[in-house]
Amino acid sequence: MTKLNGFAKGEVINYKQWTDNEFSITVKSEIGPYVAGQFTKLALPDENGNWLRRAYSFVNSPNHKLGSNCMEFLIIDVPNGDLSPKLGQLHLGDEIYVGEKPSGFMTLAEIPETATNLWLLSTGTAIGPFLSMLAEIETQTRFDNVILVHAVRTRQELVYQDLIEKFKQDYTGKLTYLPIVSREKHQHIMSGRIPDLLKDGGLMQAVNLTPDTESSFFYLCGNPAMVHDTRDVLLELGFQKHLRRSAGHFSFENYW
Ligand SMILES: Cc1cc2nc3c(=O)[nH]c(=O)nc-3n(C[C@H](O)[C@H](O)[C@H](O)COP(=O)(O)OP(=O)(O)OC[C@H]3O[C@@H](n4cnc5c(N)ncnc54)[C@H](O)[C@@H]3O)c2cc1C
Ligand SMILES: NC(=O)c1ccc[n+]([C@@H]2O[C@H](COP(=O)([O-])OP(=O)(O)OC[C@H]3O[C@@H](n4cnc5c(N)ncnc54)[C@H](OP(=O)(O)O)[C@@H]3O)[C@@H](O)[C@H]2O)c1
């Protein structure tokens, strides 16, 4: 098998199954520093000894109690995917390889100083990097309001409920969590899709806050179709894409 440059050996130290095809793993490995919101790569060999490697976002903050070398990832087993089904078959103690240089610009440092209301819009597994950011004291102290929106197909995929409940207590009223389920109807859960709910105002009504261009910043993460459609709605509403050279109101990370 060829040597895998830029990856460190790691061990699976925790595994949690959320649904038939969604799970979290915690991996212990010595890699370079990272900040909340970033991602690294995970790698395993295939049947022919070739390396499969893909990007996965940290769910934990690097400052969590287990130490930054213990890293949690939320993963969906994509049908017919190359790597994710193999990750789903890992057991405690199994070996896995972790990219030594985490990266990504969806971080607190990239948000303009003027933003006091932070909107975190995610689909599926992309809630992960937002949970990482929410665990940071800076997020708690810096913003007046943080709105965490998680859109999934079924209620079962509304993962990390206990952690979100703890965050709500820590944030003493400043954190609003809005779960959205698209393929089932539930009495107390909003249904639909993020861009439609932004366009018709349903989302603002549900969280009792209307974004404005003075105080609001949006991060969009997950399904590229959601990111694309949401970006279009935000532009229609008068918000601008954030660039380092020219501060705007939204930025995004596509998962594929
Ligand atoms: C910056 C970044 C961060 C990422 N973080 C995560 C993460 O934290 N958790 C995670 O599960 N995936 C994440 N991904 C996606 C991940 O890198 C892989 O693409 C995914 O695990 C599928 O790999 P695969 O080899 O099994 O499938 P492939 O054979 O590569 O098939 C890819 C196809 O799977 C689908 N797909 C890929 N990722 C997802 C997903 N997350 N949810 C739904 N459908 C998907 C798409 O249809 C895509 O075309 C991230 C991707 C990027 C670019
Ligand atoms: N989630 C499951 O139960 C399940 C089961 C078996 C296999 N899989 C596979 O797992 C992979 C990912 O599934 P996933 O459910 O995590 O991710 P997903 O397909 O990205 O769905 C997550 C959420 O994003 C929404 N969405 C999709 N396109 C959108 C758009 N253009 N604008 C706004 N919102 C949009 C979905 O709404 P809609 O429901 O309206 O599309 C859903 O609420 C896929 O390959 C899928 O085939 C998933």
Side-chain angles (χ1 to χ4, degrees), residues 16-27 34-47 50-60 71-90 96-99 101-107 110 121-133 149-160 178-186 189-200 202-203 218-234 251-256:
K16 181 176 172 65
Q17 192 80 38
W18 297 102
T19 70
D20 286 349
N21 58 353
E22 194 172 13
F23 58 94
S24 292
I25 52 171
T26 306
V27 175
Y34 58 94
V35 300
Q38 287 192 314
F39 60 88
T40 187
K41 286 191 173 174
L42 296 177
L44 288 174
D46 70 8
E47 295 72 18
N50 298 315
W51 289 105
L52 299 168
R53 59 193 97 174
R54 298 279 187 274
Y56 295 95
S57 304
F58 301 103
V59 174
N60 61 286
M71 296 157 277
E72 188 169 345
F73 304 95
L74 170 65
I75 301 173
I76 187 145
D77 175 341
V78 175
N80 306 315
D82 288 331
L83 180 60
S84 58
K86 290 190 180 350
L87 295 173
Q89 283 160 17
L90 288 170
I96 180 169
Y97 286 79
V98 187
K101 281 194 185 154
S103 54
F105 295 105
M106 200 174 67
T107 63
E110 296 293 323
L121 312 182
S122 61
T123 57
T125 52
I127 191 175
F130 294 155
L131 296 176
S132 167
M133 281 185 219
V149 178
H150 189 204
V152 294
R153 295 180 183 187
T154 64
R155 182 160 75 175
Q156 257 198 314
E157 292 154 320
L158 294 173
V159 293
Y160 288 105
L178 182 67
I180 303 174
V181 169
S182 54
R183 301 197 184 184
E184 293 171 348
K185 290 268 177 268
H186 294 284
I189 306 179
M190 186 156 230
S191 64
R193 284 179 159 193
I194 291 171
D196 302 338
L197 293 166
L198 262 180
K199 196 169 183 161
D200 69 14
L203 202 147
F218 298 83
Y219 266 141
L220 329 176
C221 190
N223 186 317
M226 177 282 284
V227 169
H228 177 274
D229 296 355
T230 303
R231 191 198 56 189
D232 284 354
V233 176
L234 288 174
S251 200
F252 49 82
E253 188 167 84
N254 286 317
Y255 265 18
W256 65 91

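Everything quoted here is computed from the prediction, not taken from an experiment. In listed order, ligands and their atoms are each counted from 1.
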Checklist entry - Counting heavy atoms only, which part of W256 comes closer than 4.0 Å to ligand 2: side chain, backbone, both or neither? => result side chain
Item to check | Residue and atom name of the nearest protein heavy atom (relative to atom 11 (C) of ligand 2), distance in Å to one decimal | outcome: I76 CD1, 4.4 Å
Checklist entry - So, D232 versus T230: side-chain donor-acceptor pair below 3.5 Å or not? => result no
Next on the checklist: Yes or no: does T125 have any heavy atom under 4.0 Å from an atom of ligand 2?
Outcome noted: no
Checklist entry - Given D82 and R54, is the salt bridge (Lys or Arg N to Asp or Glu O under 4.0 Å) satisfied, shown in steps? => result CA-CA 9 Å; D82 288 331; R54 298 279 187 274; 3.4 Å; yes
Checklist outcome for this item: atom 20 (O) of ligand 2: closest protein heavy atom, distance to 0.1 Å, is N223 ND2, 2.7 Å
Item to check | Pair E110-T107, side-chain donor/acceptor within less than 3.5 Å | outcome: no
Checklist entry - Just checking, is any N or O donor in the side chain of K16 or S24 under 3.5 Å from an acceptor N or O on the other one? => result no
Checklist outcome for this item: Those residues at least two apart in sequence (or on a different chain) that pass ring pair (Phe, Tyr, Trp, His ring centres under 6.0 Å) with F23 are Y15
Checklist entry - Nearest protein heavy-atom contact for atom 23 (C) of ligand 2: which residue, which atom, what distance? => result A151 O, 3.5 Å
Checklist entry - Is there a donor-acceptor contact under 3.5 Å linking the side chains of E72 and Y56? => result no
Checklist entry - What pairs with R193 under salt bridge (Lys or Arg N to Asp or Glu O under 4.0 Å), at least two apart in sequence or on another chain? => result none
Item to check | Partner of F58 under ring-ring contact (aromatic ring centres under 6.0 Å, His included), chosen from F130, Y34, F39 | outcome: Y34
Item to check | Shortest non-hydrogen separation from R53 to A43 and the atoms involved | outcome: CB-CB, 3.9 Å
Checklist entry - When you look for heavy atoms under 4.0 Å from ligand 2, do you find them on the side chain of T19, its backbone, both, or neither? => result neither
Next on the checklist: Looking at every heavy atom in both L87 and L42, which two are closest together, and how far apart are they?
Outcome noted: CD1-CD1, 4.4 Å
Checklist entry - Does T125 reach the main-chain N or O of I75 with its side chain, forming a donor-acceptor pair under 3.5 Å? => result no
Next on the checklist: I need the contact type for M226 against ligand 2. Using non-hydrogen atoms and a strict under-4.0 Å cut-off, is it side chain, backbone, both or neither?
Outcome noted: both
Checklist entry - Within a strict 4.5 Å, meaning less than it, do heavy atoms of the L178 and M190 side chains meet? => result yes
Checklist entry - What atoms in ligand 2 come closer than 4.0 Å to a heavy atom of V152? => result 42 (C), 43 (O)
Item to check | Minimum-distance protein heavy atom relative to atom 17 (O) of ligand 2 | outcome: R153 NE, 4.4 Å
Checklist entry - So which protein heavy atom does atom 38 (P) of ligand 2 come closest to, and at what separation? => result S182 OG, 3.4 Å
Next on the checklist: I need the atoms of ligand 2 closer than 4.0 Å to a non-hydrogen atom of P195, numbered in the order shown.
Outcome noted: 32 (N), 33 (C)
Checklist entry - Tell me: protein heavy atom nearest atom 3 (O) of ligand 2, and distance? => result E157 OE2, 3.2 Å
Checklist outcome for this item: Honestly, for E22 the part within reach of ligand 2 (heavy atoms, under 4.0 Å) is neither
Item to check | Stepwise side-chain hydrogen bond (donor to acceptor under 3.5 Å, both in side chains) test for Y219 and S122 | outcome: CA-CA 8 Å; Y219 266 141; S122 61; over 6 Å; no
Checklist outcome for this item: Nearest non-hydrogen protein atom to atom 5 (C) of ligand 2, with distance, is N21 ND2, 3.3 Å
Checklist outcome for this item: Residues with a heavy atom under 4.0 Å from ligand 1, by chain and number, are F39, R54, A55, Y56, S57, L74, I75, I76, V78, G81, D82, L83, S84, P85, T125, E253, N254, Y255, W256
Item to check | Per-atom contacts of ligand 2 with T123, taking only distances under 4.0 Å to non-hydrogen atoms | outcome: 22 (C), 23 (C), 24 (O)
Item to check | Numbered atoms and elements of ligand 2 in range of R183, under 4.0 angstrom, heavy atoms | outcome: 38 (P), 39 (O), 41 (O)
Item to check | Qualifying residues under salt bridge (Lys or Arg N to Asp or Glu O under 4.0 Å), relative to K199, sequence neighbours excluded | outcome: E236
Item to check | atom 28 (N) of ligand 2 [closest protein heavy-atom partner, distance rounded to 0.1 Å] | outcome: R193 NH2, 3.3 Å
